[in-house]
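Everything numeric in this text was worked out from a predicted model, so none of it was measured. Whatever order the structure lists them in is the order used to number ligands and atoms, beginning at 1.
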Amino acid sequence: MSDLDTNLAKLHRHLIRYADTGILNQIDGQPVPAQSGAWFDTHSPVDESHIARVARSGAADIDAAARAAADAFPAWRDMDGTARKKILHAIADGIVARAEEIALCECWDTGQALRFMSKAALRGAENFRFFADRAPGARDGQMLPSATLMNVTTRTPLGPVGIITPWNTPFMLSTWKIAPALAAGCTIVHKPAEFSPLTARILMEIAEEAGLPPGVWNLVNGLGEEAGKALTEHPAIKAIAFVGESKTGSMIMKQGADTLKRVHFELGGKNPVIVFDDADLDRALDAAIFMIYSLNGERCTSSSRLLVQDSIADQFEEKLAARVGNITVGHPLDPKTEVGPLIHKVHFDKVTSYFDIARQNGATIAAGGTVPEGAGHYVNPTLFTHATNDMTVAQEEIFGPVLTSIRFKGEAQAIALANDTQYGLTAYVWTNDITRAMRTTAAIEAGMIWVNSENVRHLPTPFGGVKASGIGRDGGDWSFDFYMETKHVGFATGHHAIPRLGA
Ligand code: NAD
């Protein structure tokens with residue numbers, strides 16, 4: 001049996017359990033369908049085959065989940081941080097134990113290649129361990145003595161929070177948002193993306209098997225404009241942590257205005273990778289390719305705009321086109337596959353529409369621009385060259401394995417082009433001139449910049465974007481700043497003079 005056949009056989013053994021039940025919500029520790037009895041279907045991007053029916057929830061389900069989260073909050077908030085730490089580590093253990101199942105299901109549900117998803121499952125476990133270890137210190141504050149007062153700060157968890165996640169690497173992203181919320185002492189209602197509901201259900205089961213009390217983490221499936229909207233409007237929900245498109249973030253801000261929701265947004269990007277002629281060009285090439293063609297290009301931090309110095313552009317683009325044409329497109333469960341099918345027909349249509357747009361824009365299609373024959377939402381890795389930054393293909397987030405290459409003359413132009421976008425999530429700079437690296441990183445408008453490196457996450461560092469790419473930061477203590485309130489208490493240290501009115 002080939003590796004692919006072995007993986008398919010394993011996958012189908014995992015999927016059988018959803019055949020009768022469908023993918024249910026989990027509210028107050030109970031697996032439940034939508035109160036209305038409505039369902040929607042989820043299909044695999046590999047061949048459009050039916051995976052399962054999924055609870056299509058609405059405002060009543062969100063209300064039940066929010067109430068459960070509110071009821072569970074005081075006990076979870078008051079639980080000793082070391083006890084929360086133990087439960088979060090047990091969740092990480094559960095993820096590791098089911099990592100293969102998670103990876104196989106994630107690939108089938110999203111089209112992501114197994115070579116990346118097996119690592120994504122383990123990274124999800126690491127997210128839980130990282131925040132587990134910080135749970136006991138989450139309330140820690142500062143002592144800020146003045147002449148007359150001992151000023152003390154402490155942090156308290158916000159309350160029940162809503163977490164809304166997208167379909168690209170949904171498992172990893174869910175752990176990234178949920179683990180810090182739980183470590184902080186918040187309770188949760190999670191609404192996963194409708195295109196990829198499978199692994200959110202597995203994660204939820206792992207959490208409750210690990211000893212998480214009922215109601216601390218509630219899962220509600222459904223469509224964005226139904227369940228998602230109701231979650232953002234619910235008065236018991238104190239904050240919304242959202243990962244998704246910039247325009248959805250803007251809708252959520254409006255929807256949450258009446259209940260004064262605190263929001264944390266991780267949104268879209270059109271991230272530049274700037275390659276100067278003094279860089280290590282072989283490493284720059286590897287990194288540029290990895291950052292746009294891994295994860296099917298469905299990656300918020302992808303380097304989707306190549307800004308290449310014109311003195312080296314011909315040679316760099318030639319090597320790039322050859323490598324792009326050589327990327328292995330195939331079944332996501334085949335370990336050899338580098339690029340799998342795109343998540344959904346709707347997204348496939350969006351990504352492939354840019355092939356014609358590139359032609360109309362006047363760019364050259366140097367690789368790809370086509371789709372392989374056969375079923376599934378597959379596209380060939382694509383490279384547009386001779387583009388200019390004002391073209392649609394240089395400005396819009398395509399969110400597929402599609403790279404737009406733009407040439408620049410010198411440093412000032414590279415910086416201007418990098419910043420000439422509505423987005424500001426990440427940037428990548430390749431140069432061996434340290435002073436140039438310092439000048440460019442200071443001038444580029446982005447939340448995260450890597451110099452002579454692809455995106456390598458280090459969990460204590462801040463993650464987030466500027467401009468239309470987001471509001472707020474995750475990672476390290478920044479996550480706790482979002483999920484907690486900082487409280488100040490001043491203790492008088494003596495009998496300081498109090499102004500006496502009417503005395
Ligand atoms: P999306 O905005 O369409 O959907 C994300 C989630 O929001 C889904 O669960 C959806 O059901 C929900 N939603 C939709 N409308 C809603 C509404 N009116 N109210 C409440 N919830 C609603 O995004 P997507 O297409 O699933 O994901 C891709 C996008 O996510 C890309 O733009 C990508 O760049 C972005 N993303 C950003 C980061 C980051 O860290 N900055 C990470 C991953 C993905």
Between S57 and N25, do the side chains contain an N or O donor and an N or O acceptor separated by less than 3.5 Å?
yes
Applying salt bridge (Lys or Arg N to Asp or Glu O under 4.0 Å) to R323 and D286, what does each step give before you reach the verdict?
CA-CA 9 Å; R323 287 272 295 277; D286 286 344; 2.8 Å; yes
Ring-plane angle category for F480 and F131, please: parallel below 30°, perpendicular beyond 60°, tilted otherwise.
perpendicular
If we ignore angles and hydrogens, is there a donor and acceptor under 3.5 Å between the side chains of T370 and N380?
yes
For ligand 1, find out whether one of its N or O atoms is nearer than 3.5 Å to an N or O atom of T248.
yes
Heavy atom of protein closer than 4.0 angstrom to atom 15 (N) of ligand 1
yes
Nearest to atom 36 (N) of ligand 1, what protein heavy atom do you find, and at what distance?
C300 CB, 3.6 Å
Looking just at side-chain N and O atoms, do H190 and N218 make a donor-acceptor pair shorter than 3.5 Å?
no
N/O of E194 under 3.5 Å from N/O of ligand 1, yes or no?
yes
Of E338, R299, Q112, E454, which meets side-chain hydrogen bond (donor to acceptor under 3.5 Å, both in side chains) against S294?
R299
Give me the residue, atom name and distance of the protein heavy atom closest to atom 20 (C) of ligand 1.
G228 C, 3.2 Å
Classify the side-chain pair N221/R201 by whether it contains a donor and acceptor separated by less than 3.5 Å.
no
Give the contacting part of I252 toward ligand 1: side chain, backbone, both or neither, where contact means a heavy-atom distance below 4.0 Å.
side chain
Under 6.0 Å between ring centres: does that hold for H347 and W167?
yes
Judged by modelled atom types alone, do T259 and K261 share a side-chain donor-acceptor pair under 3.5 Å?
yes
Under 4.0 Å from one or more heavy atoms of L425, ligand 1 contributes atoms 41 (N)
Which residue owns the protein heavy atom closest to atom 23 (O) of ligand 1, what's the atom, and how far is it?
E245 N, 3.4 Å
Minimum heavy-atom separation for V393 and T404, please, with both atom names.
O-OG1, 2.9 Å
Shortest protein heavy-atom distance from atom 13 (N) of ligand 1, along with the residue and atom involved:
G224 CA, 3.4 Å
Nearest-option assignment for atom 35 (C) of ligand 1, heavy atoms, candidates G244, P170, P192, P197
G244
When you measure from atom 26 (O) of ligand 1 to every protein heavy atom, which one gives the shortest distance, and what is it?
W167 CD1, 2.9 Å
Check this for me - ligand 1, S246, N or O atoms closer than 3.5 angstrom, yes or no?
no
Which atoms of ligand 1 have any heavy atom of K191 under 4.0 Å away?
8 (C), 9 (O), 10 (C), 11 (O)
Considering only heavy atoms, does F195 approach ligand 1 within less than 4.0 Å through its side chain, its backbone, both, or neither?
neither
Verify the distance criterion only: is there a donor paired with an acceptor across the side chains of E106 and T199 at less than 3.5 Å?
yes
Counting from 1, what ligand 1 atoms have a heavy atom of K229 closer than 4.0 Å?
19 (N), 20 (C)
Neighbour count >12 (heavy atoms, 6.0 Å) for atom CZ, R262:
yes
Sub-3.5 Å N/O-N/O distance, N168 and ligand 1:
no
Short version for I164: what comes under 4.0 Å of ligand 1, heavy atoms counted, is side chain
Is there a polar contact between ligand 1 and P166, counting only N or O atoms under 3.5 Å apart?
no
Residue V243 vicinity, atoms of ligand 1 by number, heavy atom under 4.0 Å
5 (C), 36 (N), 37 (C), 38 (C), 42 (C), 43 (C), 44 (C)
What part of T165 sits under 4.0 Å from ligand 1 if we count only heavy atoms: the side chain, the backbone, both or neither?
backbone
Nearest non-hydrogen atom to atom 7 (O) of ligand 1 belongs to which of F242, F463, F399, Y423?
F242
Is the F348 ring parallel, tilted or perpendicular to the H377 ring (thresholds 30°, 60°)?
tilted
E397-ligand 1 polar pair, N/O distance under 3.5 Å
yes
Starting from atom 19 (N) of ligand 1, find the nearest protein heavy-atom neighbour and note its residue, name and distance.
Q255 NE2, 3.1 Å
Without hydrogens or angle criteria, can the side chains of S196 and D109 be said to hold a donor-acceptor pair below 3.5 Å?
no
In terms of residue, atom name and distance, what is the protein heavy atom nearest to atom 37 (C) of ligand 1?
L267 O, 3.0 Å
Ligand-side contact atoms (ligand 1) for residue partner L173, heavy atom cut-off under 4.0 Å:
43 (C)
Please check if any side-chain donor atom of H89 sits under 3.5 Å from a side-chain acceptor atom of D133, or the reverse.
yes
